[in-house]
Amino acid sequence: MRQIIIIGSGPAGYTAGIYAARAGLEPLIVASSVEAGGELMKTTEVENFPGFPDGIQGPELMFKLQEQAEKFGAEVLLDDVTSVDLTGDVKKVTLGNGTVEEAVSVIFATGSAYRKLGLPDEERLSGRGVSWCATCDGFFFKQKEIAVVGGGDSAMEEATFLTRFASKVYVIHRGDSLRASKIMQERAFANDKIEFLWNKTVTAVLGDEKATGVQLTDTVDGSTSDLDLDGLFIAIGNDPRVHLVHGQLDLTVDGTIAVEGRSSKTNLRGVFAAGDVIDATYRQAATAAGSGVVAALDAEHFLASLDQTFLAENTDGAAEGIDTAESVAV
């Protein structure tokens, strides 16, 4: 039985792994068989992660975080979690290969997934003009004509933010009115760079090596037209990856895992959560990494509060003797 299992391998999961490993907890990080590294594996240059003034490629950043976690003793497993049993003192994590791993504590860092349009070329052109994150990729569209798909607060926020860079921002919405709050609508309507395309849906993304435009279908009369673009931002929401914990962990009204205040503690003892799976607001790599720190420290303190004889006899090592001051230091 292990002291800690971390489910997820984005900035939150790997950072939790770094801190847990430095504390001598020998964490197992279940990184996924196909999505190890999380959403940043699908991005190109990341310019807003602290410590990289010249930017860094998303996959390279994730590989460095994984390498750092492994350097301190974390074990990274490229497999998927198919089910969990979190209710007892011993947590059980079933993997895709059929193995059941047991641990005293678990950190969920499963992230969230951007909702997609479901178009054939959407994935193919991801990172080549198609994006789900304005703050990540907006800088690359200076003096370009781009579009945002969506009608909620996130879409208005993305469109307004993108006007800092783009020469023109179209907002494509399937209806004739927005779902966004009044103040967000007013900001968008007042911006001269934003043009609204009402009663339109994107039915194809155009382009070979990069996105060059979209096909629009009118929701009223069914007619189609093409719109030339340099980039397409999709802002139709995101879904926290919480399918494993339904019926076991409390969720918020936003569908994220509920935690106590600024901590990572869930409603079950010994179960913690970090990153986008608890964050419906910011969803940035840097905030996720900080959240991973919190989760690792919370788990460390939890393990240190347990009977050390039990830990020594039933796990690969005990939290006994941990120099908390050293493990917290940066």
Side-chain angles (χ1 to χ4, degrees), residues 4-20 23 25 27-32 35-41 43 48-50 61-62 65 69 74 80-81 83-87 91 93 103-115 132-133 135-136 152-154 157 235 237-303 328:
I4 185 168
I5 294 174
I6 299 168
I7 303 173
S9 57
Y14 280 145
T15 303
I18 291 168
Y19 270 71
L25 303 179
L28 171 66
I29 302 174
V30 185
S32 172
E35 295 185 323
E39 292 296 319
L40 281 186
M41 295 296 288
T43 65
N48 55 3
F49 195 86
L61 176 59
M62 289 299 95
L65 288 176
D80 302 301
V81 176
S83 65
V84 294
D85 183 354
L86 308 172
T87 55
K91 319 303 179 185
V93 176
V104 184
S105 63
V106 171
I107 294 176
F108 277 91
T110 46
S112 65
Y114 292 110
R115 290 180 192 153
W132 289 264
C133 181
T135 54
C136 305
D153 277 353
S154 60
E157 184 175 0
N238 69 296
D239 298 305
R241 293 189 174 100
V242 295
H243 60 284
L244 291 171
V245 302
H246 281 293
Q248 297 186 69
L249 296 184
D250 291 342
L251 304 180
T252 69
V253 293
D254 295 311
T256 57
I257 295 176
V259 294
E260 298 178 12
R262 296 184 63 188
S263 79
S264 65
K265 300 174 184 177
T266 70
N267 60 294
L268 292 181
R269 190 167 179 261
V271 182
F272 309 89
D276 285 6
V277 78
I278 68 169
D279 178 12
T281 305
Y282 301 105
R283 300 194 299 273
Q284 298 295 303
T287 54
S291 182
V293 173
V294 172
L297 295 179
D298 283 346
E300 177 187 342
H301 297 154
F302 165 74
L303 291 167
V328 174

Find the distance between [atom1] ([X]) and [atom2] ([Y]) and round it off to the nearest 0.5 Å.
| X | Y | atom1 | atom2 | value |
| --- | --- | --- | --- | --- |
| Arg283 | Tyr114 | CZ | OH | 6.0 Å |
| Tyr14 | Leu40 | OH | CG | 11.5 Å |
| Leu28 | Ile4 | CG | CD1 | 10.0 Å |
| Ile257 | Asp250 | CD1 | CG | 10.5 Å |
| Ile107 | Phe272 | CD1 | CZ | 7.0 Å |
| Ser263 | Ile278 | OG | CD1 | 8.0 Å |

- Message: Between Ser83 and Asp85, do the side chains contain a donor N or O and an acceptor N or O under 3.5 Å apart?
- Response: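 Side chains of Asp85 and Ser83: no pair found under 3.5 Å.
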So, the side chain of [X] versus the backbone of [Y]: is there a donor-acceptor pair under 3.5 Å, distance only?
| X | Y | result |
| --- | --- | --- |
| Ser291 | Ala274 | no |
| Thr110 | Arg241 | yes |
| Gln248 | Val84 | yes |

Could you tell me which non-hydrogen atom of [X] sits nearest to which non-hydrogen atom of [Y], and how far apart they are?
| X | Y | result |
| --- | --- | --- |
| Ala286 | Pro50 | CB-CD, 4.0 Å |
| Ala74 | Gly17 | CB-O, 4.3 Å |
| Phe108 | Val277 | O-CG1, 3.8 Å |
| Asn238 | Ser112 | ND2-OG, 3.1 Å |
| Pro11 | Ala285 | CB-O, 3.5 Å |
| Ala20 | Pro27 | CB-CG, 3.8 Å |

- Item | NZ/Lys91: more than 12 non-hydrogen atoms of other groups inside 6.0 Å |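 Atom NZ in Lys91 is packed in, count exceeds 12.
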- For residues 266-282, which residue pairs qualify under side chain to side chain donor-acceptor pair (under 3.5 Å), counting only residues two or more places apart or in two chains?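 Sorted pair list comes back empty.
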- Query: Who pairs with Asp239 by salt bridge (Lys or Arg N to Asp or Glu O under 4.0 Å), at least two apart in sequence or on another chain?
  - Reply: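 By the salt bridge (Lys or Arg N to Asp or Glu O under 4.0 Å) rule, Asp239 matches Arg115.
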